[in-house]
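Just below is one structure, and these are the notes that go with it.
Excluded from the calculations below are hydrogen atoms, water molecules and symmetry mates; all remaining heavy atoms, backbone and side chain alike, are included. The chains referred to below are lettered A, B, ... by the order of the sequence lines, with proteins before strands, and numbering in each begins at 1.
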Amino acid sequence: MYYKSLYAKKPYTIKSFTRLLRKKVKREMKKYEHKKIEEKWQTLWAKSNAFVADKDCSGEKYYVLEMFPYPSGKIHMGHVRNYSIGDVIARFFKMRGKNVIHPMGWDSFGLPAENAAIAHGTHPKAWTHENIDFMRAQLKRMGLSYDWAREVASCTPEYYKWSQWIFLKFLEKGLAYKKKSSVNWCPDCSTVLANEQVEDGLCWRCESEVIDRELEQWFFKITDYAEELLDFTEKLPGWPERVLTMQKNWIGKSVGAKATFSVLGSGEVVEIFTTRPDTLYGVTFMSLAPEHPLVEKITTQDRDKEVRAFVEKVKAEGKNALDAPDFEKEGVFTGAYCLNPLSGEEVPIYVANFVLMGYGTGAVMAVPAHDQRDFEFAKKYKIPIKVVINPPGTELTPDTMEEAFTGEGVMVNSAALDGTSNLEGKAAVIRLLSEAKKGEESINYRLRDWGISRQRYWGCPIPIIYCDDCGAVPVPEKELPLLLPDGVELGGAGLSPLDIESFTKVDCPECGRVSKRETDTMDTFVDSSWYFLRYLSPDLEDLPFDKTEANFWMPVDQYIGGIEHAVMHLLYARFFTKALRDIGLLDCDEPFKNLLTQGMVCMETLKCEEHGYLLPEERDENGLCVRCKKPVTVGSVEKMSKSKKNTIDPDGIIERYGADTTRLFSLFAAPPERDLDWNLDGVEGSYRFLSRVWRLVNENIETLKNATPYAGEAKLEGFLGEVHRATHKTIKKVSGDIEERFHFNTAISAVMELTNLLYQDKWRENKDIDEELSGAVFRAAIEAVVLLLSPFAPHMAEELWEALGSEVPLYKTPWPSFDERALVTDELELVCQINGKLRARLMVSASVTKAEVEKLVLNDSKIKEWTLDKEIKKVIYVPGKLVNVVVAK
RNA sequence: GCGAGAGUGGCGGAAUUGGCAUACGCGCCAGACUUAGAAUCUGGUGGGCGACCGUGGGGGUUCGAGUCCCCCCUCUCGCACCA
């Protein structure tokens with residue numbers, strides 16, 4: 001293309017010309033040196049503060065946030081994907097004129113630092129900060145548009161001072177409290193384990209059995225917000241349904257009643273929660289959890305031995321026993337009886353292995369006729385079954401029932417309530433219970449308060465002092481941050497590494513008496529529950545964040561991260577936001593307006609029957625295992641993990657192909673919420689595409705530089721018209737795909753299509769085409785390609801933008817807009833169907849009427865072949881799309 | 001068991017509102033260029049010789065179904081004696 005502009009006078013044949021052109025281009029064209037280009041623009045962006053958010057809280061804000069990483073050593077493909085997605089959104093909205101804030105930081109307290117310290121003899125702080133420095137450099141090499149001035153790391157005193165401050169505010173508000181609670185305890189290591197360190201009931205390190213141990217722990221009262229947290233799941237349309245469902249299940253609201261059953265012959269009462277008060281008259285026994293405190297008090301002498309043995313047995317089986325598929329319901333009679341609060345009937349009290357102490361009150365009123373579990377239990381232990389609800393029109397008999405009846409029906413055997421529907425019966429029973437002062441309506445949640453105490457070193461110290469006289473006393477605010485001491489022995493046998501006198505010995509702030517500091521640190525989920533607020537005021541010294549800034553920037557407009565945080569982190573952060581709002585620190589109800597949960601990054605696995613998973617280099621050129629020479633099978637595509645030996649190091653990919661290619665591929669191969677199959681040939685393909693764009697611009701750089709982009713002044717025909725239309729169609733498509741759907745894969749494919757069109761050698765098919773006009777159309781198309789590509793491959797886009805002679809760098813350039821008029825065509829192709837099957841295509845004028853179409857179609861020779869001798873029943877015309885002729889068969 | 005999501009060429013995926021199934025990319029095939037080439041460019045590529053058949057399977061609604069409805073199968077994820 002553009003023969004003349006390159007070789008002004010002498011005419012060439014196509015062949016000889018192309019040959020010459022290739023040689024010349026090979027000699028002269030600027031090569032695509034991704035490394036050089038990427039370094040150049042990264043330096044320039046940093047120097048010019050290209051991505052600093054507007055500090056005066058002006059304009060239309062847009063807060064893009066990706067989940068901050070744990071600095072484990074180096075970034076992995078999951079990070080690459082997460083941050084590539086976020087960067088497209090950030091760059092896009094910035095070009096759209098929004099005041100974008102796009103920060104990054106480090107979730108840098110946590111166990112791996114401590115383990116690394118034990119294993120390698122380093123200090124957790126040194127290890128963590130080295131990792132942060134390394135990973136920051138990696139992120140910078142990806143060319144992500146972060147406002148690095150807002151960087152925070154949760155392990156720095158500047159940050160955790162405010163985690164401690166928030167803890168104290170929660171304490172003031174009654175949102176933090178202390179209670180005894182059971183923890184996972186490894187007797188061999190004599191230490192507490194986090195849940196994830198318990199594998200099948202065994203300690204991950206020494207494989208000895210983990211036991212429950214009661215410890216005093218700090219809790220956050222998240223249950224105070226259970227109702228609001230649940231309520232707002234209906235008000236978060238920008239969240240994936242499944243995340244909301246998971247949170248709803250986690251909160252687990254049940255509406256029902258509480259009732260008290262007096263224990264016969266003792267002053268004790270059993271309190272129960274039920275969702276079926278309507279079945280209260282059908283209670284034939286009571287089940288208690290083995291850990292229920294009443295068990296010891298009410299068991300009769302003659303039953304004592306058996307009950308004790310049973311409780312021990314259940315304890316020994318551990319918590320996981322319930323999850324086993326062959327788990328069987330078992331129980332023992334305690335010898336005690338209690339009274340039905342309404343009927344006064346005596347019912348036996350059992351201890352049952354399926355009753356959970358952690359849910360409701362740890363006691364269940366058992367109604368075998370209307371609850372399957374109770375039914376099975378009653379059958380096993382020959383306990384009577386009493387029907388109190390009959391299905392409409394039927395009468396149940398306990399002896400013939402094969403399963404519990406849990407449906408709706410009419411109440412029977414229920415004294416005054418006989419004959420009422422069980423739905424009305426619920427309220428009626430609650431009324432009777434209230435009148436008798438034996439119960440009331442009650443709402444129960446599965447959600448428990450959040451235990452935040454960790455017997456660990458590398459975390460935020462809990463700012464509490466224990467005084468024998470004054471109790472738990474908060475560390476005075478002015479003494480914050482309470483610094484984590486340096487010289488601490490890790491991996492020792494003590495309960496908490498912080499339990500050393502140099503740290504714990506302190507005078508009580510209230511009475512001055514020698515006292516002891518709390519030795520536990522906070523769960524790291526505390527740190528990540530408010531980091532998005534610290535980004536807004538990273539240097540503020542007298543508060544965790546500034547209220548005006550928080551009210552301007554919050555909520556986060558788009559949050560992006562992994563599905564693994566669907567419940568814990570996202571629920572805790574929501575709780576924190578509401579609690580901080582009630583403390584008066586900001587006005588926001590919900591922290592994250594829109595949530596995108598990206599899929600996992602997967603890769604094919606290699607397997608040898610003898611050696612299991614293999615690394616790619618453990619397979620020789622003949623496809624055999626290098627060790628045993630047995631054939632290697634290409635296994636399933638699975639989530640990248642070290643154990644499956646199918647990880648790809650982003651550094652290697654970035655080094656070889658550049659950040660632009662790496663980003664482009666991770667966005668092109670699948671839509672964000674789906675799993676992504678990493679594929680080295682696919683990466684090659686993305687590189688090839690970028691190289692094509694590079695050549696397209698650089699091979700024609702003189703023409704392009706001298707052209708003014710076509711802006712729709714003159715009427716275009718033929719190929720030029722096609723290019724012009726395609727340019728605007730692509731702008732529309734890419735804008736929509738990014739803004740409305742985050743479907744980056746289709747956005748990229750649209751740019752590829754436009755690029756392919758521009759590669760077609762049709763520029764001079766009509767000799768009369770004006771050189772200047774075709775240059776203008778070409779330039780407009782190329783500008784679109786470069787701008788539309790810029791959120792995905794920002795470095796190349798900047799470089800090409802500069803090469804085109806633009807004075808303003810691309811990051812300051814607005815997103816292109818499309819001209820609706822350019823999309824209009826005079827003629828269009830009409831798909832012609834007979835009985836819904838494609839039979840012909842017709843070119844028709846865009847303004848054609850239905851009658852004209854009918855005439856045209858029925859006279860078409862191809863169509864006539866199909867309609868010959870057939871009765872035409874009707875003709876359906878979808879304007880601009882298709883026409884369907886319905887004929888008799 | 002309950003809840004959510006998915007199933008489309010050899011592969012990743014597209015089809016936004018019921019309207020040309022398989023865009024774009026990978027792979028493969030052919031051609032061009034080349035001393036040569038794994039580079040680059042161009043073209044082809046669901047199956048079947050064909051009428052036709054094709055979006056996990058079966059039925060339905062419709063002029064028309066990957067898309068809507070009913071039943072079933074498979075996979076992934078979450079929850080799971082929650083009283």
- Item | Lys/Arg-Asp/Glu bridge criterion (N-O < 4.0 Å) met for A:E330, A:K313 |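 A salt bridge is present here (some side-chain N lies under 4.0 Å from a carboxylate O).
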
- Message: For the C1' atoms, the ones on B:G10 and on B:G47, what distance do you get once it is rounded to whole angstrom?
- Response: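 Looking at atom C1' only, B:G10 and B:G47 are 13 Å apart.
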
- How far does the C1' atom of B:G9 sit from the matching atom of B:C2, given to the nearest Å?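 Per the computed distance, 36 Å lies between those C1' atoms.
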
- Message: Counting only heavy atoms and a strict 4.0 angstrom limit, can you tell me which residues of residues 361-370 of chain A come near RNA chain B?
- Response: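 A:V364 - these, ordered by number, are the residues of the stretch whose heavy atoms sit under 4.0 Å from the strand.
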
- Message: Let's see if you get this right: which residues in residues 275-287 of chain A place a heavy atom under 4.0 Å from RNA chain B?
- Response: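 Going residue by residue through residues 275-287 of chain A, the ones with a heavy atom under 4.0 Å of RNA chain B turn out to be A:T275.
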
- Which residues pass the side-chain hydrogen bond (donor to acceptor under 3.5 Å, both in side chains) test with A:S254, sequence neighbours left out?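 Listed in chain order: A:Y359.
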
- Message: Ignoring hydrogens and geometry beyond distance, is the side chain of A:K639 in donor-acceptor contact with the base of B:U76 at under 3.5 Å?
- Response: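 Donor-acceptor pair under 3.5 Å: no.
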
- Query: Which pair of heavy atoms, one from A:L690 and one from A:A793, lies closest together, and at what distance?
  - Reply: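 Taking every non-hydrogen atom into account, CD2-CB, 3.9 Å.
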
- Give the dot-bracket string for RNA chain B, reading 5' to 3', where a pair is Watson-Crick or G-U wobble with both distances under 3.5 Å, ( ) marks pairs inside the strand, [ ] marks pairs crossing earlier ones, | marks a partner on another strand, and . marks unpaired. (((((((..(((......[....)))((((((.......))))))((....))..(((((..]....))))))))))))....

- Item | All salt bridge (Lys or Arg N to Asp or Glu O under 4.0 Å) counterparts of A:K386, not counting sequence neighbours |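 A:E345.
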
- If you pin A:T746 and A:E829 to their nearest nucleotides in RNA chain B, which one's is more 5'?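 Checking each residue's closest nucleotide, the 5'-ward one belongs to A:T746.
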
Considering only nitrogen or oxygen atoms on both sides, find all protein atoms under 3.5 Å from nucleotides 2-13 of chain B and state each distance.
| unit_1 | atom_1 | unit_2 | atom_2 | d |
| --- | --- | --- | --- | --- |
| B:G12 | O2' | A:A669 | O | 2.8 |
| B:G13 | O3' | A:N745 | ND2 | 3.4 |

